[in-house]
Structure formats: C-alpha cells, structure tokens
Student: 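Let me begin by handing over the structure; questions about it come next.
In each ligand, atom 1 is the first atom listed, and ligand 1 is the first ligand listed.
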Amino acid sequence: MKKLSIIVPMYNEEEVIELFYKETKKIVDSISDKYDYEMLFIDDGSKDKSIDKVKELRKKDKKVRFISFSRNFGKEAGIYAGLKNSKGDLVVLLDADLQHDPKYIPKMIKYIEEGYDTVTTLRNRKGESKIKSWFSEFFYKIMKDAKNIELKQGSQDYRMMTRQVVDAILEIQEYNRFSKGIFSWVGFKTKYIEVENRTRAAGKSKWNFRSLTKYAIEGITSFTLKPLKISILIGILISAIALISALVIIIQTLACGKDVPGYASIITAILFMGGIQLVSIGILSEYVGKIYLETKNRPNYLIREKSEDEEKD
Ligand code: UDP
Ligand code: MG
C-alpha cells in the first residue's frame with residue numbers, strides 16, 4: 001500500500017483546523033483501499049490555540065503528525081519543513097483554511113498514476129479586486145524573463161508530487177525560498193488542472209498589500225536579473241538625452257549667441273538623475289541583500305516541538 005502525505009502549513013488557524021481535518025479525512029477515506037495517509041501539520045509559530053487543536057486530533061488519530069516552529073518563519077519555510085519531514089510516496093500541499101478543496105486529491109492521484117510526476121492546480125481570479133489582478137498580471141509578465149521556469153497565471157501552492165520530485169526540491173538549499181519558482185524550476189512532467197476559487201472557511205488571510213509586494217519582489221529577484229537590466233537601460237537612455245541636450249545648448253550658445261537658460265532646468269536634471277541613481281542602487285541592493293542572507297547560511301526554520309517527541313519518553 002502506498003502512502004500519501006498531506007502537508008498543511010498553518011499560522012493562527014484554530015478556527016478551521018477541525019473542519020479541515022473532517023473534510024480532508026472524508027476524501028482520504030474514500031481512497032483508503034489504495035492509499036494510506038499521514039497528515040503533517042506545520043505550525044508556523046501560531047499565537048493562538050492551533051497546535052492544541054492538532055494535538056487533540058492526534059489523540060484520536062495517530063496519522064496526524066505535527067511540527068511546531070519556534071516562531072513564525074513564513075509559509076515557505078513551512079512548506080520546506082513539511083516536504084523534508086514527509087514520509088509518503090506521494091505528497092500533497094494543502095492550505096489549512098480549506099481554500100484548497102481536498103476533493104481534487106483523487107483526481108490528482110489519478111494523473112500521477114497515469115505517469116505525471118506532479119499535478120498543479122490553477123485557480124481563476126474570479127472575485128478578486130481589479131488592482132490585485134492587475135498587479136499579479138504585472139508580476140507574471142516580469143517573471144516571463146526567467147527562462148528556466150514557467151510560471152502559469154493562477155498557479156498556487158496546491159499541488160501533488162511524487163517522492164522523486166520532493167527529493168529534487170529538497171536538494172535546493174537556498175535560504176530565500178520562492179516555492180512557486182522552485183517547483184517550476186525542478187521541471188518534471190507536470191499536469192495543470194483548473195480548480196474553482198474558494199473563499200476561506202474561517203479566520204483571516206495573512207496577506208496584505210505590503211506582504212504581497214514583498215513576496216513579488218522576492219520572486220522576481222530570486223529568479224530573474226531583469227530589474228538590473230532595466231536600470232542599465234534607463235541609465236543609457238538618460239545619458240543619451242543628457243548628451244543631446246548638451247549639444248543643443250552648445251549649438252544655441254555658439255551659433256545663435258543665446259543665453260544659457262537659468263538653473264531651474266539644471267536643478268531638475270540633477271534631481272532627476274539623483275532619483276534614477278537611487279532607484280538603481282536600490283534595485284542593486286535587493287540583490288546584494290540576497291547574497292548577504294544566503295552567505296549567512298542560517299537554517300530556514302527551528303523546531304520547538306514535534307509529534308514524535310512524546311513517543312520517546
Ligand atoms: N501560513 C503560514 N505561515 C504564514 C502565513 C500563512 O503557514 O506566515 C499558512 C496559512 O495558515 C494558510 C496558508 O499558509 O494555511 C495560506 O495562507 P492564507 O490563507 O493567509 O493566504 P491566502 O490564501 O489568503 O493567499
Ligand atoms: Mg487562504
């Protein structure tokens with residue numbers, strides 16, 4: 001019998017844990033003739049009672065396992081820890097808030113059995129605000145520059161993969177983990193399936209405009225050097241404009257005997273240049289900062305408690 005690992009990163013999700021367990025259990029029970037399961041909750045330093053809820057579940061069902069971080073390390077770290085500690089032949093990532101409907105699991109398994117290595121879900125952006133959609137489209141446009149990965153619009157972290165793919169992903173040791181990019185970077189035979197957009201069952205989303213922007217910058221700087229190239233282009237363009245305007249001024253003074261225009265224009269030009277330079281340095285420092293964090297070689301997460309701990313005593 002094969003084993004399916006269900007990895008659930010969670011952060012302050014006490015309101016949905018039980019519901020999540022019930023819904024997901026129903027689905028895995030329907031395929032229990034062929035697949036055993038484990039449900040691995042990664043508690044990302046929740047400040048509420050999430051972990052107690054999981055411990056309660058474990059009292060009844062030993063297939064529930066958990067890892068609890070020493071603080072909030074972010075969902076990417078949670079995914080990494082989940083993959084690392086999973087034991088199944090197949091692994092599926094699910095959000096705790098039931099936005100990833102577990103009903104697709106049997107369908108995903110079917111595709112894997114057909115020979116695909118990984119199955120990824122795509123959601124439509126129905127019901128999302130215009131601004132958010134616009135920004136996400138803009139993000140995917142820039143990401144197109146990253147030739148070695150293919151990011152599909154609407155692809156989400158709800159995906160299933162074989163052990164082979166999990167091992168490949170774990171081989172990537174980088175600290176700045178942009179999972180969406182990493183999943184795509186490793187390649188393998190991927191099947192995309194469309195799923196409906198679902199709203200959160202309970203609780204609040206942990207994302208806001210700021211964190212989404214940060215996430216997008218993270219993704220872009222992890223996988224493409226396009227912003228650096230853009231800043232070089234802007235530099236060249238401005239130098240060209242400056243050169244032309246210098247020529248114009250020289251000709252005007254020498255040939256036409258006109259006065260050099262006042263310094264308003266000079267100040268404007270200086271400010272403009274200063275701005276561009278700061279932006280370019282800013283872009284550059286995003287990358288330098290990345291190098292800094294990578295060279296420190298810090299662990300992606302620290303574990304405070306594990307479900308297996310209790311068995312040892
Ligand atoms: N999550 C996490 N660590 C964090 C933030 C979120 O493990 O720092 C989990 C969260 O509990 C949920 C999943 O990641 O299971 C997706 O988060 P959320 O629902 O807030 O994001 P959204 O669905 O709004 O994109
Ligand atoms: Mg959600």
Student: With heavy atoms of Gln99 as the reference, note each atom of ligand 1 found under 4.0 Å away.
Tutor: 19 (O), 22 (P), 23 (O)

Student: Under 4.0 Å, heavy-atom basis, I'd like to know which part of Asn72 is in contact with ligand 1: side chain, backbone, both or neither.
Tutor: side chain

Student: Looking at Leu93, is its backbone amide N or carbonyl O close enough to the side chain of Arg159 to form a donor-acceptor pair, meaning the two atoms are under 3.5 Å apart?
Tutor: no

Student: Gly74 heavy atoms, cut-off 4.0 Å: which ligand 1 atoms fall inside?
Tutor: 3 (N), 8 (O)

Student: Tell me, yes or no, whether the heavy-atom count around Lys84 atom NZ, taken from other residues, nucleotides or ligands under 6.0 Å, exceeds 12.
Tutor: no

Student: Report yes or no: does a heavy atom of Gly78 sit under 4.0 Å from some atom of ligand 1?
Tutor: no

Student: Assess whether atom CZ of Phe138 is packed by more than 12 heavy atoms of other residues, nucleotides or ligands within 6.0 Å.
Tutor: no

Student: So does Lys296 have more than 12 non-hydrogen atoms from other groups sitting under 6.0 Å from NZ?
Tutor: yes

Student: Which of the atoms in ligand 1, numbered in the order shown and given with their element, are less than 4.0 Å from a heavy-atom of Ala96?
Tutor: 15 (O)

Student: Which atoms from ligand 1 have a heavy atom of Glu13 less than 4.0 Å away?
Tutor: 10 (C), 11 (O), 12 (C), 15 (O)

Student: Who's the nearest protein heavy-atom neighbour of atom 18 (P) of ligand 1, and how far?
Tutor: Arg200 NH2, 3.4 Å

Student: May I ask you to check whether Pro9 has an N/O atom sitting below 3.5 Å from an N/O atom of ligand 1?
Tutor: yes

Student: Is Arg71 positioned over the aromatic face of Phe73, cation under 6.0 angstrom from the ring centre and no more than 45 degrees off axis?
Tutor: yes

Student: Is there an N/O/S atom in Asp97 that lies less than 2.8 Å from the Mg ion (ligand 2)?
Tutor: yes

Student: Give a yes or no answer on whether the side chain of Thr162 reaches the backbone of Leu90 with a donor-acceptor pair at less than 3.5 Å.
Tutor: no

Student: So, taking the atom named CE in Met39 and the one named OG in Ser86, what distance separates them when rounded to the nearest 0.5 Å?
Tutor: 14.5 Å

Student: Provide the number and element of each atom of ligand 1 under 4.0 Å from a heavy atom of Asp95.
Tutor: 13 (C), 15 (O), 16 (C), 23 (O)

Student: How far is atom 14 (O) of ligand 1 from the closest protein heavy atom, and which atom is that?
Tutor: Lys75 CD, 3.2 Å

Student: Could you check whether the rings of Tyr301 and Phe69 sit parallel, tilted or perpendicular, using 30° and 60° as the cut-offs?
Tutor: parallel

Student: Please answer whether the main-chain N or O of Asp95 pairs with a side-chain N or O of His100 as donor and acceptor at a distance below 3.5 Å.
Tutor: yes

Student: Among all protein heavy atoms in this structure, tell me which lies nearest to atom 24 (O) of ligand 1, with the distance rounded to 0.1 Å.
Tutor: Ser205 OG, 2.7 Å

Student: Tell me the nearest of Asp97, Asp44, Asp157 to atom 19 (O) of ligand 1, using heavy-atom distances.
Tutor: Asp97

Student: Hey, do the aromatic rings of Phe188 and Tyr116 have their centres closer than 6.0 Å?
Tutor: no

Student: Between Arg65 and Leu40, is there a donor-acceptor pair closer than 3.5 Å when you use the side chain of the first and the backbone of the second?
Tutor: no

Student: Quick test: of every protein heavy atom, which one is nearest to atom 1 (N) of ligand 1, and how far off is it to 0.1 Å?
Tutor: Tyr11 CB, 3.8 Å

Student: Which atoms of ligand 1 sit under 4.0 Å from any heavy atom of Met10?
Tutor: 7 (O), 11 (O)

Student: Nearest protein heavy-atom contact for atom 20 (O) of ligand 1: which residue, which atom, what distance?
Tutor: Lys206 N, 2.7 Å

Student: Would you mind checking which non-hydrogen protein atom is closest to atom 22 (P) of ligand 1, with the distance to 0.1 Å?
Tutor: Trp207 CD1, 3.4 Å

